[in-house]
Amino acid sequence: MKHAPYHLPTKQDTITSPHPNSWRLASLLQASTRTQSRPRGRAIHAVIITSGLKPRAHLLNLLIAFYCSTEDLKCAHHVFDRMPQRDVVARTTLLAAHARSGALAVAHQIFDEMPTRDAVAYNAMISAYGHHGEFREALSLFRAMLEQGKPRPDGFTFTAALSACAGLEDQNLSSQVHCLALKAGLAHVTSVSNALISVYVKSGELGLASKMFTELLKRDEITWTTMITGFVRIGDLEGARRVFEVMRDRFDVAWNAMIAGYAQHGLCMEALDLFRDMFGKDIMLDEFTYTSLLSACANIGLVRTGMEAHAYIVHREAEISLPVWNAIISLYAKCGRMEVAMRVFDAMREKDLVSWNAVVSGYATLGMITEAREIFEKMIERNELTWTVMISGSAQHGQGEEGLRLFNRMRHEDSRPCDFAFAGALTACASLGTLRHGAQLHAQLIQLGLDASVSAGNALMTMYARCGAVESAERAFRVMPTPDAVSWNAMIAALGQHGRGSEAIMLFERMLVAGYKPDRVTFLTVLSSCSHSGLVNEGCKYFDLMDRAYGIKPGPDHYARLVDLLGRAGRLQEAKQTVETMPFYPDACIWEALLAGCRNHGDMELGLMAAERLFELRPRHDGTYVLLSNMYASIGKWEGVAKVRKTMKDMGVKKEPGCSWIEVDNQVHVFLVDDTVHPYVHEVYALLEKLGVSMKKLGYIPDTRFVLHDVGLEQKEYGLSTHSEKLAVGFGLLKLPKGSEIRVLKNLRICGDCHTAMKFMSKVVEREIIVRDGKRFHHFKHGECSCRDYW
DNA sequence: ATAGGGTTAG
């Protein structure tokens, strides 16, 4: 529609008009421009040509204006080129049309060729430069105009100049322009004030904006909407709502702005409520309304409501614009309904980068990396966002190496990764435990001047913490120029994951003092911190406080941590009661926490019950078998252990073999765990025998709980490599000289036996041993562990 | 003056 072919009208287009005369034609032409009626305008052009009438300049100008308004620039030029004398109006009309379409060079050429230029021509040029981001060009033209002293700037001129200042975000410059407007007596023209308010709004100076706003006598729709978006920008939705409520004639754009504001700040229910109001009041819905509505539904997972919206839009609108289709794709993608998203995507006849990114992101965040990659490779054009979703999607779903590979590829194909891409790559390092690579990325962030970024900084802290370097995480947190709530959460988590629970709690209290609002993640973090440091009572206290003091309703995940805490303390009856009375249907995590408690305290009856629920929910999950078997082992029921292991084998559940490494000073020791090729395997077992004997002697383990004798056999029979992997590390530790701390960055899932062995080891080698266990670490020192766990 | 695709914290 935008690029219609260049056809001049022919005789067929002629309308039978009785006695065409210039006046009649002029008014008909104006009507066609107003109604954007292509056929009518072309017909009139045909009449002009065929009637032999000698058209006056006025009529031709209207004709040019008509063609310009329908974006038929070639036809406009055709008329223009044949004009006997081209006046200012004709030139300005054409110039403005080019300027609007972004052909700034062409527009400027017409501008230069003009014998005289009026304010309208200047205004068109200035605002066109501003609209296309060429703020300096816009302002230099404005300056030239002032210096020459003619033509005199009018309200539009100041409006355009001020919006260029807003683009540059230059307060100083805009005050100067404001002064000039005052001198010219034009500062109270509504559009000038609007532009000034917009300058303040963009720089977050809501106070100044409000002042201007209240002093303004005539406010138009733009004034109101600018104020609303101003409050939305600084996240003050209540302020925005107040403005919205005061506005007497609320019109569709303001509704849209308000709904969009809610949706963008995660207040999706408010967005939906307001939409319902709007719908009930019969206000025109448009594509802006639809996109905000769909995104609100998508963000809180309301597929049903979203589908209703989808159906309504399809039913009601003859044509659906690209952004709306993209919002529909994203609705299904975010709700995990990729089949539907793909169906919509495939059916779209026109797609843009946003559409492609929406589907890639859908697959990537669901962890369907192969599918995401397939689409990713088909793309002819990618941007930072495309790379970012691929990198972090891989990193978050156990494909850290893939994430780093993509990150490096991005650097080859796209010269400079953005901070979000760095965040993804750092997450990959965090999951892999590759401290060196992570530190390299840190150096690059500094080199590229991206180290002030909040997202990169948050990812950096997490990387350091999960690579065992809490001190570096702390340093990263301290130097952050603008930490946000996520930063605090991340730092609290970092301390908690390293068994520094009381420090984590202190940091939480400092977060409150600093004026940050805790959210559900904050409490999850605090609860886990307590649990990883054996701070059972404190944990229970915070669970109680979260709703009462901070109004955050605990979710199933919070309950799982409460059950974990109670279970840890041996308060199994309370734990059981919690599971029975909580306001949710207990999910797998809850039963798992209960089972873990039973393992720790040898409650076989309750443990079996929890295990049964778990088998119903996740029949082939290896963790359940391990917990159950440990529970039997803890009370010396070896036949129970054997039974579990057998079921495990029958069900085809096994652990993956892996490879361990220990980082000591600057040396990395690697241990292969596939026992058939492990060169030390016999040595390992021999040492373990000795180890076991001395541990028993020193009272580290009671006779019944030490199950090392099983390892070799189990290993061969069922291919379970977990023990050997961890014990290979133990073997390496015994060989090391005394000295500084040892960090084991390979993710070892620390079981009871191994935990005990590590405690022992820390005493023998007389140094702190830091071992990674999932997302957290155990710090073993002087024969004790930071987690103060029972085993 | 309003809209669609992203990141980091458990």
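Below, chains carry the letters A, B, ... as their sequence lines are ordered, and counting in each starts from 1. When reading the values below, keep in mind they use all heavy atoms of this one structure, side chains included, and skip hydrogens, waters and symmetry mates.
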| query | Roughly, in whole Å, what's the span from CE in A:M379 to P in B:dG5? | reply | 15 Å
| query | Do the side chain of A:D557 and the base of B:dG10 come within less than 3.5 angstrom through a donor-acceptor pair of N or O atoms? | reply | yes
| Does a side-chain N or O from A:K775 land closer than 4.0 Å to OP1 or OP2 of B:dA9, or not? | no
| said: Measure CG/A:N326 against P/B:dG5 and give the value in whole Å, please. | reply: 8 Å
| For the pair made of CZ in A:F376 and P in B:dG5, what is the distance, rounded to whole Å? | 20 Å
| task | Using the test salt bridge (charged side-chain N to carboxylate O under 4.0 Å, His left out), find all partners of A:E350 that sit at least two apart in sequence or belong to another chain. | result | none
| request: Among B:dA3, B:dT2, B:dG10, find the nucleotide with the atom closest to the side chain of A:N256. | output: B:dT2
| query | From the list B:dG4, B:dA1, B:dG6, which nucleotide is the closest neighbour of the side chain of A:T388? | reply | B:dG6
| message | Given B:dG4, B:dG5, B:dA3, identify the nucleotide with an atom nearest to the side chain of A:L353. | response | B:dG5
| remark: Per atom distances to the A:A490 side chain, the nearest of B:dA9, B:dG5, B:dT2 is B:dA9
| query | Can a side chain N or O of A:Q264 be found less than 4.0 Å away from OP1 or OP2 on B:dA3? | reply | yes
| request: Under 4.0 Å between any heavy atoms, over every strand shown, what does A:L322 touch: base, sugar-phosphate, or nothing? Just pick one. | output: base
| query | Between the side chains of A:R373 and A:Q399, is a donor N or O closer than 3.5 angstrom to an acceptor N or O? | reply | no
| Candidate nucleotides B:dT7, B:dA1, B:dG10, ranked by approach to the side chain of A:A423 - the nearest | B:dT7
| field | Per A:R561 side chain, nearest of listed nucleotides B:dG6, B:dG10, B:dA3 | value | B:dG10
| message | Under 3.5 Å, is there any donor-acceptor pair linking the side chain of A:S455 to the base of B:dT8? | response | no
| query | When only distance counts, do a donor and an acceptor, one from the side chain of A:D352 and one from the base of B:dG4, lie under 3.5 Å apart? | reply | yes
| query | Which nucleotide sits closest to the side chain of A:I222: B:dA1, B:dG5, B:dT8? | reply | B:dA1
| message | Please verify the inter-ring angle class for A:F422 with A:F407; under 30° counts as parallel, over 60° as perpendicular, anything in between as tilted. | response | perpendicular
| field | A:K202 side-chain N/O to B:dA1 phosphate OP1/OP2 under 4.0 Å | value | no
| A:V354 side chain, from C-beta outward: closest of B:dA9, B:dG5, B:dG6 | B:dG5
| field | Residues A:R241, A:E270: salt bridge by 4.0 Å N-O rule | value | no
| query | With a centroid cutoff of 5.5 Å and a plane-angle limit of 30°, would you call A:F420 stacked on B:dT7? | reply | no
| said: Measure CD/A:E474 against P/B:dA9 and give the value in whole Å, please. | reply: 18 Å
| message | Classify A:D519 by what it touches in the nucleic acid, base, sugar-phosphate, or nothing, heavy-atom distance under 4.0 Å. | response | base
| query | Which whole-number value in Å describes the distance from A:L385 CG to B:dG4 P? | reply | 13 Å
| query | Reckon A:V389 touches a base, only the sugar-phosphate, or nothing at all at heavy-atom distances under 4.0 Å? | reply | sugar-phosphate
| task | Would you tell me if any nitrogen or oxygen in the side chain of A:S361 comes within less than 4.0 Å of OP1 or OP2 on B:dG6? | result | yes
| message | Please verify the inter-ring angle class for A:Y516 with A:W488; under 30° counts as parallel, over 60° as perpendicular, anything in between as tilted. | response | tilted
| request: Check every atom of B:dG4, B:dT8, B:dT7 against the side chain of A:T365 and return the nucleotide holding the closest atom. | output: B:dT7
| query | What integer distance in Å separates A:I391:CD1 from B:dG5:P? | reply | 20 Å
| field | Nucleotide B:dA3, atom P - distance to CE of A:M278 in whole Å | value | 13 Å
| task | Ignoring the backbone of A:E221, work out which of B:dT2, B:dA3, B:dA1 is nearest its side chain. | result | B:dA1
| task | Would you please test A:R561 and A:D564 for salt bridge (Lys or Arg N to Asp or Glu O under 4.0 Å) and show each step? | result | CA-CA 5 Å; A:R561 275 160 180 76; A:D564 175 272; over 6 Å; no
| request: Decide yes or no for A:E538 and A:V526: does some side-chain heavy atom of the first lie under 4.5 Å from some side-chain heavy atom of the second? | output: no
| Tell me: NE2 of A:H498 to P of B:dG10, nearest whole Å? | 11 Å
| query | Does A:Q497 have a side-chain nitrogen or oxygen under 4.0 Å from the phosphate oxygens OP1 or OP2 of B:dA9? | reply | no
| said: Side-chain N or O of A:T229 versus OP1/OP2 of B:dT2: is the shortest distance under 4.0 Å? | reply: no
